There are 2 protein chains.
Amino acid sequence: MQPERRSFIRDTEENRREALIAATQALVAEGGPQAATVRAIAARAGVTPGLIRHYFGSKDELTRAAYTALVDGMTDKGADALAGVGADPGERLAAFVAASLRPPVVDARAVGLWAGYLHQVQQDAALLAQHERSYLRYRDQLQALIADLDRPDVTTAQLRQEAIACNAVLDGLWLEGSVLPRGFEPGELVRIGLRSISAILGADLTRHTTFIPELHTTPGKAQA
Amino acid sequence: MQPERRSFIRDTEENRREALIAATQALVAEGGPQAATVRAIAARAGVTPGLIRHYFGSKDELTRAAYTALVDGMTDKGADALAGVGADPGERLAAFVAASLRPPVVDARAVGLWAGYLHQVQQDAALLAQHERSYLRYRDQLQALIADLDRPDVTTAQLRQEAIACNAVLDGLWLEGSVLPRGFEPGELVRIGLRSISAILGADLTRHTTFIPELHTTPGKAQA
DNA sequence: CAGATTGTTATACATCTGCATAATCTCCGG
DNA sequence: CCGGAGATTATGCAGATGTATAACAATCTG
């Protein structure tokens, strides 16, 4: 009555790598780096621990791959937010802001994932460079949207500072909304973000937001 | 020639607890929770691992004590920033903002510490409540400073949103400045923070800032 | 259908982790 | 100066962790 050898099916290299990376990210997001052991990762991916070493040379390499996948995905989300929007600069910026302040960007798991990788990023020069690139790309995206606004007399230096400031608003609200999800009414973060950024830029973004549902909900009442 | 038993001196309970808590925080800040093993903590505190169990029932209890010490210290810093400042509301708020955007608040270790505890906080109800209290206390402090400004017709609801927005600016700049310290010139974060919050509140905070050295440095040149 | 390939599992191992307990040494009160 | 108390260290242990290697079987090729 010994447990017989577990049956399996072969899968493509791509599928296996994706499954292992997804499992790693899920575990890091939920329980931190300590929760992402080779055994836990393998179990979550539906395989045995040996496969990690087969597809990635070591657990360390899998970790780096998972982080790379994370920052790449982050960048894509910014572009996705702008996909279905028109050409009006104010509307585009407003859509970008709103997308950055609601799920799945604002989410406890996302912050958990970010926090879980922080130390590894700070200690690994390659990961740090990757993080820096990703951050600046996001900020440049934001800065380009700001530059497109119809405002007179904005210098490059001023533009840079505005981008940093707006990015800080987004980051800060992202942090607070994700860590304390109960602390805010639905849509409140989006409203506050749009108003704050409008104030910082001296341009009213709340005009162009016909397609941002959060702005039309009755405060104090969650929508169905 | 066996290694003889290590000599030691007795110390007060308070000193030992503080040393162990400090060692724990340092290790978590630098290397994450995984780096804070009982052996590493003891070594850093200059004792042997057994003492952890002697002064704290378990490593878990030490961890909670270290987190409690962290949030308590955070709260104090806000009060410290207002200690030597005058009674002018604008000046007080400006001092608070500036103090929140330079070392030791803006510091890689501080973010590392915060990130290291994130998962544990999210999974432990007691720690989560502690975190929530600490966050709201900080924000209320900020809101009180904002309320003291000489502005007409501000409702309570508006005040709350302004406090959330200003807090987000501080958090976001704190995050960016700590994780990418090279990315900003000295004083840049303070300048951007003051300008942004001034814009959000519709009140010029940069007038009252005679005692904020960052505003008088030549951009592009570090001060001695 | 037989054999080769290699993806996948199973097992073993050295190291590390937190914890428990015993052995000591320091310091205080007489 | 001495004895006791308890603070501190030393040692041991069960379980977890990452890794290495061997055994197996799913799929491909002929």
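Below, read A as the first sequence line, B as the second, and so on, with proteins coming before strands; counting in each chain starts at 1. No experiment lies behind these values; they were computed from the predicted model shown.
Rounded to a whole Å, the CZ atom of B:R53 is 19 Å from the P atom of D:dG12. One interatomic measurement links the two molecules: CG of A:D11 to C1' of D:dC28, which rounds to 16 Å at whole-angstrom precision. As a whole-Å value, the separation of A:R39 CZ from C:dA10 P is 13 Å. The distance between atom CG of A:L20 and atom P of D:dG18, rounded to the nearest whole Å, is 14 Å. Summarising the geometry, the separation between CD on B:E13 and C1' on D:dA7 is reported as 11 Å, rounded to the nearest angstrom. Remark: P of D:dT8 and CZ of B:R10 are 7 Å apart, rounded to the nearest angstrom. Atom pair B:R17:CZ and D:dA7:P shows a separation of 12 Å (rounding to whole Å applied). Nucleotide D:dG6 holds its P atom 12 Å from the OH atom of B:Y55, rounded to whole Å.
Listed nucleotides: D:dG18, D:dA10, C:dG7. Nearest to the side chain of B:T48: D:dA10. Of the candidates D:dT8, C:dT8, D:dG18, C:dT8 carries the atom nearest the A:H54 side chain, counting heavy atoms from C-beta on.
Judged by closest nucleotide on DNA chain C, B:G57 is the one of B:G57 and B:F8 placed further toward the 5' end.
Ion pairing between a basic and an acidic side chain is recognised when a charged N comes within 4.0 Å of a carboxylate O; A:R44 and A:E30 show such pairing.
The aromatic rings of B:W174 and B:W114 lie perpendicular to each other, with more than 60° between the two planes, well past the 30° mark.
From A:S134, atom OG reaches atom CE of A:M74 across 7.0 Å, with rounding to the nearest 0.5 Å. Here the CD1 atom belonging to A:I197 is positioned 6.5 Å from the CG atom belonging to A:L93, to the nearest 0.5 angstrom.
Using a 4.0 Å heavy-atom distance criterion, B:L51 is classed as a base contact. Contact annotation for A:I52: no contact, since no heavy-atom pair falls under 4.0 Å across all strands.
No side-chain donor from either of B:Q143 and B:R160 sits under 3.5 Å from a side-chain acceptor of the other.
Applying the 4.0 Å criterion to OP1 and OP2 of C:dT8, one finds that A:R16 has a side-chain N or O inside that range.
With hydrogens and angles ignored, a donor-acceptor pair under 3.5 angstrom links the side chain of B:R5 to the base of D:dT9.
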